[in-house]
Amino acid sequence: MANTEPHELMEVKKEALFLLELKSLRERLGMTQLELAKAMKVKQTFITRLEKKVHNAKLSTIKAYLMALGCSASLQVTLPNGSLKTMEI
């Protein structure tokens with residue numbers, strides 16, 4: 001990562017923190033990786049890889065993860081003028 005730009009490092013850090021938040025949410029709700037995997041109809045290794053950021057997650061995957069936890073999801077976007085737009089996903 002020696003040639004990585006500072007803004008790219010910040011994006012990687014944000015993604016890692018986001019995935020840690022997903023894992024923390026799952027644990028707070030008392031669901032194991034295996035239970036979540038069954039609810040999502042995927043293998044437990046998929047959940048492990050997702051939570052460890054072994055692969056990039058699609059928005060649809062994150063939505064399925066949250067829905068399997070019984071959560072709903074929205075996306076908050078900051079527009080160029082600084083205003084916020086929240087969209088259900």
Problem - CD-CG distance between Glu15 and Leu20, expressed to the nearest 0.5 angstrom - result: 12.0 Å
Practice task
Grab the two heavy atoms, one from Ala73 and one from Glu88, that are nearest each other, plus how far apart they are.
Solution key: O-OE1, 3.3 Å
Practice task
With sequence neighbours excluded, give me every salt bridge (Lys or Arg N to Asp or Glu O under 4.0 Å) pair touching residues 22-41.
Solution key: Arg26-Glu51
Exercise for the section: For Thr48, check side-chain hydrogen bond (donor to acceptor under 3.5 Å, both in side chains) against everything at least two apart and list the hits. Expected result: Gln33
Problem - Connected via hydrophobic side-chain network under 4.5 Å: Ile62 and Leu25 - result: yes
Handout entry: In one Ile/Leu/Val/Met/Phe/Trp/Tyr side-chain cluster, 4.5 Å: Met87, Leu79
Key = yes
Practice task
Would you indicate whether the side-chain heavy atoms of Leu29 and Cys71 approach each other to under 4.5 Å?
Solution key: yes
Exercise for the section: Find out if a path of hydrophobic residues (ILVMFWY) with successive side-chain heavy-atom gaps under 4.5 Å connects Phe46 to Phe18. Expected result: yes
Completion exercise
Those residues at least two apart in sequence (or on a different chain) that pass side-chain contact (heavy atoms from CB on, under 4.5 Å) with Thr78 are Leu84
Handout entry: 4.5 Å side-chain heavy-atom contact, Ile47 and Leu34
Key = no
Handout entry: Side chains of Leu69 and Leu36 in contact at under 4.5 Å (non-hydrogen atoms)
Key = yes
Practice task
Please round to the nearest 0.5 Å and tell me the distance separating atom OG of Ser24 and atom CG of Leu17.
Solution key: 11.5 Å
